[in-house]
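Below is one structure; the comments refer to it alone.
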Amino acid sequence: MNSEQVNRGMRLRRYRQEKYLTLRELATATGLSIGFLSKIENGTGNPSIDNIQKICFALGITVNDLMTEKNSSELFSTIHENESYILRKDERCLLYNYGDNIRFESVFEGNPHFKVNIFTLSGRSKEHYSTIHSYDELGVVAKGSMSINLAGQGQYELTEGDCIMIRARTPHTVIPLSDEECISFWVEISDGINDAKP
């Protein structure tokens, strides 16, 4: 059995129980079956990134919360508590990597209302990544290009240097556009109010 899946399943069960939700209630909130959610919690199910996003939104947590568990002594902000620091490319915290098509890494996570992540899309993939968050998100494209479709607001092409603000609870779909990989930086901005269960 995959230890990463087992650990993720234990975290999912813990978050669900902390919210006092049954598997049936979580299934209703996500549109996923009780059996599938049970498999994830038992470490035998391997959900897609879309399904992980649905689960996290229903629980009022971030994907980072579910995919990676660090104790306070492992946070960059704790290790370098009262000093400036440099984080090298190979020192980033990998949150998840799906089939080499999508890579999500943390570069700052020490403040519960402010996190910085790096999102890398493979240039070879034309897959769509749909998501919705309980927090505001500011994105900056550093390399390559992507298309973002904001539900009810339109579709936008972003290239190097372009920025986008996506408000909490706005469904959006990301599509890589360039043949080369697309690298973007994302700042999660939470006021604690938007994090409540929808």
Side-chain angles (χ1 to χ4, degrees), residues 1-79 87-122 124-125 127-135 137 171 173-174 181 186 188 190 192 194-198:
M1 199 176 297
N2 183 313
S3 63
E4 183 179 316
Q5 288 179 207
V6 170
N7 291 335
R8 180 179 59 211
M10 289 189 308
R11 287 192 296 273
L12 172 56
R13 181 178 289 116
R14 187 184 76 231
Y15 281 120
R16 178 179 60 78
Q17 291 173 343
E18 286 174 359
K19 303 284 183 178
Y20 301 101
L21 292 174
T22 64
L23 276 173
R24 180 175 304 282
E25 290 168 329
L26 184 58
T28 300
T30 60
L32 303 173
S33 74
I34 295 171
F36 182 58
L37 290 169
S38 178
K39 284 182 180 179
I40 297 170
E41 286 193 358
N42 292 324
T44 59
N46 194 17
S48 68
I49 188 63
D50 286 346
N51 286 337
I52 286 174
Q53 293 283 7
K54 289 176 186 176
I55 292 166
C56 291
F57 186 70
L59 293 173
I61 61 174
T62 69
V63 172
N64 303 17
D65 295 329
L66 182 61
M67 299 297 285
T68 306
E69 181 146 330
K70 293 175 136 190
N71 62 48
S72 61
S73 67
E74 296 175 301
L75 299 175
F76 300 132
S77 56
T78 301
I79 295 169
L87 183 68
R88 302 291 181 192
K89 183 177 180 178
D90 60 349
E91 296 173 330
R92 298 174 190 163
C93 174
L94 177 63
L95 298 175
Y96 51 89
N97 187 13
Y98 276 89
D100 295 325
N101 290 325
I102 176 175
R103 185 175 179 86
F104 203 65
E105 301 166 290
S106 172
V107 294
F108 178 79
E109 76 296 72
N111 183 320
H113 304 297
F114 176 82
K115 298 178 182 178
V116 182
N117 305 304
I118 297 178
F119 184 54
T120 303
L121 296 164
S122 168
R124 299 178 301 276
S125 173
E127 292 186 38
H128 296 56
Y129 305 101
S130 298
T131 184
I132 185 169
H133 305 292
S134 58
Y135 48 83
E137 193 174 41
T173 302
V174 179
E181 67 182 4
W186 293 88
E188 296 178 18
S190 168
N194 284 328
D195 293 338
K197 184 182 167 217

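In what follows, every heavy atom counts, from backbone to side chain, and hydrogens, waters and symmetry copies are set aside.
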Quiz item: Between Ala27 and Ser33, what is the shortest heavy-atom contact and its length?
Solution: CB-C, 4.2 Å
Quiz prompt | Ser190 versus Tyr135, closest heavy-atom pair with distance | solution = CB-CB, 4.2 Å
Quiz item: Are Arg16 and Glu41 ion-paired here, with the side-chain N under 4.0 Å from a carboxylate O?
Solution: yes
Practice problem: Evaluate the side-chain contact (heavy atoms from CB on, under 4.5 Å) criterion for residues Ser134 and Phe57: first the C-alpha distance (whole Å), next the side-chain angles of each, then the deciding distance (0.1 Å), finally the verdict. | Solution: CA-CA 6 Å; Ser134 58; Phe57 186 70; 4.3 Å; yes
Practice problem: Taking the side chain as every heavy atom from C-beta outward, state whether Leu66 and Arg8 have any atom pair closer than 4.5 Å. | Solution: yes
Quiz prompt | Met10 side chain near Asn7 side chain, heavy-atom distance below 4.5 Å | solution = yes
Quiz item: Could you give the distance from CZ (Phe36) to CG (Leu23), rounded to the nearest 0.5 Å?
Solution: 12.5 Å
Quiz item: Would you call Ile55 and Ile40 a side-chain contact if the rule is heavy atoms closer than 4.5 Å?
Solution: yes
Quiz item: Less than 4.5 Å apart, any side-chain heavy atom of Thr22 and any of Glu25?
Solution: yes
Quiz item: Backbone N or O of Ser38 within a donor-acceptor pair of the Asn42 side chain at under 3.5 Å?
Solution: yes
Quiz item: Would you say the side chain of Tyr15 lies within less than 4.5 Å of the side chain of Leu21, judging by non-hydrogen atoms?
Solution: no
Self-check item: Between CZ on residue Arg103 and OG1 on residue Thr120, distance to nearest 0.5 Å
Solution: 7.0 Å
Quiz item: How far apart are the C-alpha atoms of Leu32 and Asn51, what are their side-chain angles, what is the distance that settles it, and do they pass the side-chain contact (heavy atoms from CB on, under 4.5 Å) test?
Solution: CA-CA 8 Å; Leu32 303 173; Asn51 286 337; 3.3 Å; yes
Quiz item: Taking Thr44 for the side chain and Lys39 for the main chain, is one N or O donor matched with an acceptor at less than 3.5 Å?
Solution: yes
Quiz item: Between the main-chain N or O of Gly43 and the side-chain N or O of Gln5, is there a donor-acceptor pair closer than 3.5 Å?
Solution: yes
Quiz item: Are Leu59 and Glu18 close enough that some pair of their side-chain heavy atoms sits under 4.5 Å apart?
Solution: no
Practice problem: Would you mind reporting whether Leu121 and Asn101 have side-chain heavy atoms less than 4.5 Å apart? | Solution: no
Quiz prompt | Carboxylate-amine/guanidinium contact Glu91 Lys89, below 4.0 Å | solution = no
Exercise. Answer yes or no: is there a side-chain heavy-atom contact under 4.5 Å between Trp186 and Ile118?
Key: no
Quiz prompt | Option among Glu105, Arg92, Glu188 that satisfies the side chain to side chain donor-acceptor pair (under 3.5 Å) test with Asn117 | solution = Glu188
